[in-house]
Structures are given as structure tokens and as C-alpha cells.
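What follows is a set of notes on a single structure, which appears directly below.
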Amino acid sequence: MAARAAYYLSTPIYYVNDSPHIGHAYTSLACDVLARFMRLDGRDVLFLTGTDEHGQKVAKSAVAAGMEPQEFVDQVSERFRALGEVMGYSNDDFIRTTEARHTRSCQELWRRISDNGHIYLGKYAGWYSVREEAFYAESDVVTGPDGDKVTASSGSPVEWVEEPSYFFRLSAWQEALLEFYEKNPEAVAPESRRNEVISFVAGGLNDLSVSRASLKWGIPVPGDPDHTMYVWLDALTNYISGTGFPDTECDLYQTYWPADLHMVGKDILRFHTVYWPAFLMAAGVEPPTRVFAHGWWTIEGEKMSKSLGNAIDPHHIVARYGLDAVRYFLLRALPFGSDGDFSHRAIVGRMNDDLANDYGNLAQRVLTMVNRNCGAAVPEPGPFETSDRTLLDEAESLPGKVRADLSRQAFHQALIHIWEVVGHANRYVDEQAPWVLRKEDPARMATVLYVVAETLRHLAVLTLSFMPASSGRMLDQLGVAQEARTLAALGPEGRLAPGTALPKPEPIFPRFVEDSPVS
RNA sequence: GGCGGGGUAGCUCAGUCGGUAGAGCAGUGGAAUCAUAAUCCAUGGGUCGGGGGUUCGAGUCCCUCCCCCGCUACCA
């Protein structure tokens, strides 16, 4: 059993200036599968997502759109909520950095850091990229084709900024951070990212500018309203705002903080594994247990980019392939943490081979026989033979494997383990040939069909978090009651009750048939 | 430049403490016919990036070179 019943996980809060694309969908999807699985496993889950709505870039976009900033962010934040509905996310809360609860949380975190002596007023002078919300050293800036200064790495225009600024004494936290990584080997994943972070911190840290005097669209610095909090301090704090901070005595905070998992894309690894733990330690707050940085998607082999205009809109692929197929593909296509390629050919392969042929057809072939030959009810099994026991044992050992896989965010491995049983079950059906037994030994046929149905029950419950709708339909077809759809109900105690009436089965996972060529 | 990760069957990748190269997909042949023309079985002569070394024996250890990716540094 889990050492702790509560489980708190978060997506990053998404920057409202971006249009939702497959990358956002992917991060949240990974969290959603974990959240659903943990709930099935009896955990008390808090799954938080939301939007990041402050910053100079947002303010400029609002102006460009002819709107007040708040009006603008209200509108664009809604797109991320809509994405959640399309993708079927089960988040418990949706936080926005423009909410009062967040402002209060941010300002209190600042106060604590400041009271502990880790913030000082200095002067910032340097190149600043509005587009990237980031500062650049002189060495990273080059003169662009138009004579403007741009960053060497991305070509974003930069402007010279010189103003008073509050600084966070990040440089003082090097040793504490290294010790934190050392004592908490699970705190940064995957392993390769952990190495990167350690090597970055070991290379020395500079103090961090955490306020902007020229920026108005943000949270005012406590005690100095001329300054606005730097966007990353603002954004990261959402994770504790969502647990009721600064009311550290409230149930929410007591139950869920520190977070069990912050899921992030690899681009924001450093903010989450260096700055964020340092901010929290400086404020006397415990840092999160684990940060997992996943990889990027390419599209048909091409890097996703604005200039190529090939960013995938989740709404389109869900409309084309179906939600559950998309959910399955995104988590099965590659080892979680690696980069992957989204291609039409690949997703169709997974849909037809794994879902329709292997899994869906297994259910269909067995349930059809049950429907026609067992009075459309769960058959009454006789004594189990070795082959029956072998399959059932394997199905019953699956929850443990999947739980272990998902505890380290190995989604693909969990699915591989589940599909090993799908394959086993198909072979079992062929070997037992219930269509022959139907004439020669109906009692044995009933046992065989029962064993497969029971195996399907395990498979469907375990795929429920990945493909909620399809797996739910399969459980409907197996006559499994809603309250029995939990990991606790798996195993011998929760076996299907013989005699339970079953509906006429319908195919669950459709094959993807290519459109006929247009002449 | 430094650190780290990679270069294994047509494609995507596994390969634990060194012991005669594996999986899935695709291809080929066969069986079966309950099922979404789905399933099952059989089938891989691959210089394991190049070269050298250690060893009775090396994708698996050591050296070196080439290429790819990530992080990071530097640019007088």
C-alpha cells in the first residue's frame, strides 16, 4: 500500500499568450492519467492546472487586441479550460494567477523570503527580451540584420533595460540545492535531467532579478508598489496557492503540500528544479517531492514551430482519431521523458494494431460468444485448469506492475505490461478454441469464456485511466458496476458474478480506415 | 571547449554481473474461422558507427576517431 493516501500533482500553468497545442495537451494528459489511476487506487488526489496570466508580453497583447489586460486574460484563459474539456482532464482545480488567492499567496511568500534576508534591492542593467521574458548577457546578444540587437540563440529582439530591481540571493543556495538533489534522488526525473540540473548548479549560481519596476501587469511587491514581481516567482507560486498557502494550517495545505509531482516540459526544467526549491527553502517551505521533465513532439518528423505553422491543434486530432486513441497514442508511442514524433501513420498503426485488432477484437470475439452461447450472461465456470490459472494469475499480477510503472511515470511501460496480457489472452482463446468446445464440451467452453471475461475485467479497469470512455464501455459490456471499477475490486474477491445479464456487445475501438482517394 | 546521452534488423527500439544477437511493426509462408478481413503459428546471412586493445570469449570493459542530440562555457 501507499505510504501516504494523499497525492498532489500539477501541470505547469499555461501562458495565456500561447495557443493551446499538442504540447500543452500532452503535459496535462500525463497528469490526468496519473490522477485517474491514483484515484482508482484509493488515493486522495489533488490535480491542479491553470493559467499564467501576468507579464509584459500579455500586457502588450492586450493592448494589441484593444482590451484591458484582465478582459484579455479572461478570454484567453478560457481556451485552456476548453482544451481540458476536449481532452477529458479530471483536474480538481483550475488556478489563475490573476485570482486574489494567488496574489495573497505570492505576496506572503515574498514576505517570508524577504524577512529571512534573501531578497535585496539592487540595480538591474542588461538586455531583456520581451518575447522570452528573459534577460540576456552581453555575450548572448548580437546585432541583427536590421541593425537591431537580438539574441544569438533565437534571434528575439532585446532591449536595454536599466532599473532598480529586487534580487533573490540564489547564489547563496548552491550548497543547499546540491544537498537537496543528493538526499532526494527522485526529486528530478528523468535521470539525465537530474544530471543536467546538478551540473548547472555545481557550475555556480547568480542572484536572480525577481522584480521589475517598469512592469505594471503583475503582482505588486509587498511594501514597494513601484515594483512588480518577476513573472517566474509569480508563476511558480501557483503550486502552493492551490493548496491554500499562506494558510498553512488549513486542511488543503496540510493534506497535500509538499506536492508529489510537478509535471513539466523540458524547457522549464530549471525554473522548477533550481529556482523553485530555492525560493521555497528560503521561505522555510518544504520543496516538492518530484519534478518530471518530459520531452517534445515533432510533427511528421518536423520540429513544431510557429513559422512552419505545423503546431497540432488537439481539437483537430481528437476530431479525427477520437479522444481515447489520441490519449493512448501519446503515452504509448515513446518512453515517457524522450522526444517523440507525431505522425498519421504511427497513430493509425497504434489504433488498428493495438486497440482495434488486439484489444478491441479480443473483447468482441469473446463477448459475442458469451452473448450467443451463454444466454447473454456471465457464464458459470467449472474447475480451473493450469492454462486458466496461468492467464488469471498474469491478469491479477498486472495491477502491481502498472502501479510500479506509473509511480515512476513510465506510462509506455505500463501499457506494454497491459498489452502482454492482451496478447496472452488472444493466444489462450486460440488454444482453447471455445468455438470447438461449444459442440464437444459446453461446460468447458463456459469456463474458458469466463476466464477471458475475467481477464478483460482486469484489462478494462487498468486501461480506465488511459482511455476512460472506451474502457468504461468495456466494463459496461462486462456488467461491472460503477462502484466495482477500482483496483481494490481486482483479484479473486471481485470476480464477475455468473449469471449477470450482459448487453449485446458492440465494437469498442474502431479501425481507422483511410479516406478513399479523391478523384 | 567542458559535461552528459546516443549511434543494434526496412522502421521504432530492448539488450541485466562480458559467454553462440532480441521485441514490436512491415514482409513472406502456413493454420484456424469465435471475432472489428480481426486471431494464432513459423520465418531475421543485421560488418551491433569506424579502428585498435584487454580476454579463452565483447553491443556488453579500455583507448582512439567519426556523426547526432541535450546541458553548459567561451569568443580574443
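Worth saying up front: this structure is predicted, and the values here are computed from it rather than measured.
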So, is A/Arg511 near the phosphate of B/A38, with a side-chain N or O under 4.0 Å from OP1 or OP2? yes
Could you tell me whether the phosphate oxygens of B/A35, OP1 or OP2, come under 4.0 Å of any side-chain nitrogen or oxygen in A/Arg372? yes
Considering Watson-Crick and G-U wobble pairs with both distances under 3.5 Å, what does [N] pair with?
| N | result |
| --- | --- |
| B/C25 | B/G10 |
| B/U54 | none |
| B/U60 | none |
| B/U20 | none |
| B/G70 | B/C3 |
| B/U39 | B/A31 |

Rounded to the Å, how far apart are [X] [atom1] and [N] [atom2]?
| X | N | atom1 | atom2 | result |
| --- | --- | --- | --- | --- |
| A/Leu456 | B/A35 | CG | P | 16 Å |
| A/Ile416 | B/U12 | CD1 | C1' | 11 Å |
| A/Trp419 | B/C13 | CH2 | P | 20 Å |
| A/Arg427 | B/G24 | CZ | P | 9 Å |
| A/Leu334 | B/G6 | CG | C1' | 16 Å |
| A/Asp354 | B/U39 | CG | P | 10 Å |

Ring geometry between A/Phe512 and A/His344 (parallel below 30°, tilted from 30 to 60°, perpendicular above 60°): perpendicular
Is it the case that the base of B/A38 and the side chain of A/Asn357 share a donor-acceptor contact (distance under 3.5 Å, atom types as modelled)? no
Hey, is A/Arg408 close enough to A/Asp405 for a salt bridge, meaning N to O under 4.0 Å? yes
Do [Y] and [X] have ring centroids that are under 6.0 Å from one another?
| X | Y | value |
| --- | --- | --- |
| A/Phe292 | A/Phe336 | yes |
| A/Trp276 | A/Phe271 | no |
| A/Trp419 | A/Tyr359 | yes |

Please determine, for the side chain of [X], which listed nucleotide ([options]) has the closest atom?
| X | options | answer |
| --- | --- | --- |
| A/Pro507 | B/C40, B/U36, B/C25 | B/U36 |
| A/Trp435 | B/U33, B/U39, B/G4 | B/U33 |
| A/Arg365 | B/C34, B/G4, B/U36 | B/C34 |
| A/Asp353 | B/A26, B/A38, B/C40 | B/A26 |

Which part of the nucleic acid, if any, lies within reach of A/Ile508 when heavy atoms closer than 4.0 Å are counted: base, sugar-phosphate only, or nothing? base
